[in-house]
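Side-chain atoms are counted along with the backbone in the values below, which use heavy atoms only and exclude waters and symmetry mates. Just so it is clear, the structure is predicted and the values come from calculations on it, not from any experiment.
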Number of protein chains: 2
Amino acid sequence: MQNPLEEKLNNNNIKPTAMRILVLQYLMEKNAAVSLKSLEASFHKADTSTLYRTLKTFEEKKLIHSIDDGTGQMKYALCLETCNCVLADQHYHFHCTVCEETFCLTSQNIPSIELPKGFSMTQANLVLKGVCAHCEVG
Amino acid sequence: MQNPLEEKLNNNNIKPTAMRILVLQYLMEKNAAVSLKSLEASFHKADTSTLYRTLKTFEEKKLIHSIDDGTGQMKYALCLETCNCVLADQHYHFHCTVCEETFCLTSQNIPSIELPKGFSMTQANLVLKGVCAHCEVG
DNA sequence: TACAAATATGCAATATAGTTTCATTTATAA
DNA sequence: TTATAAATGAAACTATATTGCATATTTGTA
């Protein structure tokens with residue numbers, strides 16, 4: 001008998017410490033990708049390095065994936081339940097230049113891309129930029 | 001009567017100083033995107049800030065475009081002649097995890113991407129990762 | 001329970017890329 | 001020639017990411 005957060009961590013082979021449960025909860029409540037800074041801002045009591053390593057552990061265990069959205073701050077977002085962080089699981093991300101939030105566009109996978117002869121692809125970092133629905137004027 | 005490099009700079013409203021001509025030449029000779037660090041390594045006599053500002057000027061004047069390939073070092077590559085750095089000019093980039101070079105894949109434009117309702121897109125940073133033809137084994 | 005080993009955390013220091021300030025030099029134009 | 005504008009060089013500074021090490025906590029085992 002464990003709570004769903006602990007269960008999720010256990011399913012990913014991550015020991016469910018108090019800190020990790022809180023960080024996971026935070027990630028689940030946000031519908032946008034989060035940065036280390038935003039975690040720091042939300043968890044004053046926790047140390048930066050702990051939060052940093054928590055994110056790294058989550059990423060390593062494929063609970064979250066990282067997004068380099070070009071803001072200079074790496075963002076992290078929860079993977080889908082079925083995610084193995086392989087090419088087939090990759091999706092576009094959208095960075096809103098107004099609210100500065102970054103979202104996963106999981107409704108469509110990335111299209112097949114014709115690579116030059118001899119090239120092989122294993123990963124992708126695909127970030128679209130513009131204005132999100134919430135920030136759109138008019 | 002001016003050399004092609006100067007002409008290219010002039011066409012982009014960039015005053016052709018000695019330094020800028022050399023940097024442009026360097027960019028044209030490389031078939032991969034270059035970083036500030038690689039410029040520093042190639043131009044020992046020039047100051048970092050000069051090279052930095054040269055890149056920024058080139059980018060501003062749409063002579064080159066920047067690529068955040070996730071290595072932590074911004075890369076820069078020459079735009080195509082016809083480029084206006086608008087959405088239609090965007091293309092994928094490929095970062096080889098072996099030789100660490102980053103290339104423009106200009107042979108195809110990015111496909112049309114279905115955005116959530118209300119989202120509008122103005123830019124993109126699309127980086128594919130894997131192994132390039134030169135580094136492919138076998 | 002008690003102890004040993006493994007793991008997680010907190011604090012501090014470090015690394016690195018990017019950026020800015022300001023003085024000096026160089027180019028441009030009246 | 002002189003005044004003005006622009007480019008360059010040197011140095012300092014900022015921000016993010018990362019690591020080392022001591023302490024605390026958890027876990028497994030007798």
Any side-chain N or O of B:Y52 below 4.0 angstrom from OP1/OP2 of C:dG18? no
Name the pairs: protein N/O against N/O of nucleotides 10-17 of chain C, kept only if under 3.5 Å.
{"unit_1": "C:dG10", "atom_1": "OP2", "unit_2": "A:D47", "atom_2": "N", "d": "3.4"}
{"unit_1": "C:dG10", "atom_1": "OP2", "unit_2": "A:T50", "atom_2": "OG1", "d": "2.9"}
{"unit_1": "C:dG10", "atom_1": "N7", "unit_2": "A:S49", "atom_2": "OG", "d": "3.4"}
{"unit_1": "C:dG10", "atom_1": "N7", "unit_2": "A:R53", "atom_2": "NH2", "d": "3.4"}
{"unit_1": "C:dG10", "atom_1": "O6", "unit_2": "A:R53", "atom_2": "NH2", "d": "2.7"}
{"unit_1": "C:dC11", "atom_1": "N4", "unit_2": "A:S49", "atom_2": "OG", "d": "2.8"}
{"unit_1": "C:dA17", "atom_1": "OP1", "unit_2": "B:Q73", "atom_2": "OE1", "d": "2.7"}
{"unit_1": "C:dA17", "atom_1": "O3'", "unit_2": "B:G72", "atom_2": "O", "d": "3.0"}

Compare side-chain N and O positions of A:K15 against OP1 and OP2 of C:dA8 and report whether any pair is under 4.0 Å apart. no
Taking A:N3 for its side chain and A:L5 for its backbone only, find out whether a donor-acceptor pair lies under 3.5 Å. yes
What residues from residues 21-31 of chain A pass a heavy-atom cutoff of under 4.0 Å to DNA chain D? none
Just one of B:T57, B:L78, B:L55 clears the side chain to side chain contact (heavy atoms under 4.5 Å, CB included) bar with B:L63, so which one? B:L78
A:L39 CG to C:dT9 P, straight-line distance once rounded to whole Å: 13 Å
Roughly how many Å is it from CG in A:L55 to P in C:dT9, rounded to a whole number? 12 Å
Whole-Å gap separating C1' (C:dT28) and CG (B:N10): 14 Å
What is the distance from CD of A:E40 to C1' of D:dT18, rounded to the nearest Å? 13 Å
B:N13 atom CG is separated from D:dA6 atom P, nearest whole Å, by 13 Å
Name the orientation class of the two ring planes belonging to B:Y26 and B:F43 (parallel below 30°, tilted from 30 to 60°, perpendicular beyond 60°). perpendicular
Does a side-chain heavy-atom distance below 4.5 Å link A:F94 with A:T102? no
A:F58 vs A:Y76, ring-ring contact (aromatic ring centres under 6.0 Å, His included): CA-CA, chis, key distance, verdict: CA-CA 10 Å; A:F58 282 12; A:Y76 300 87; 9.7 Å; no
Are A:E114 and B:S107 close enough that a side-chain donor and a side-chain acceptor fall under 3.5 Å? no
Within residues 57-70 of chain B, find the residues that approach DNA chain C with a heavy atom at under 4.0 Å, and present them sorted by residue number. none
Run A:L115 and A:M121 through side chain to side chain contact (heavy atoms under 4.5 Å, CB included) and show every step you take. CA-CA 8 Å; A:L115 296 174; A:M121 171 184 171; 3.5 Å; yes
Can we say A:E100 and A:K75 salt-bridge, meaning some charged N sits less than 4.0 Å from an Asp/Glu carboxylate O? no
Between B:T48 and A:A18, who's closer to the 5' end of DNA chain C by nearest nucleotide? A:A18
Show the nearest heavy-atom pair for residues B:C96 and B:C132, with the distance to one decimal. SG-N, 3.4 Å
Are the charged groups of B:K8 and B:E81 less than 4.0 angstrom apart, N to O? yes
Classify the ring geometry between A:H65 and A:H93 as parallel (under 30°), tilted (30 to 60°) or perpendicular (over 60°). tilted
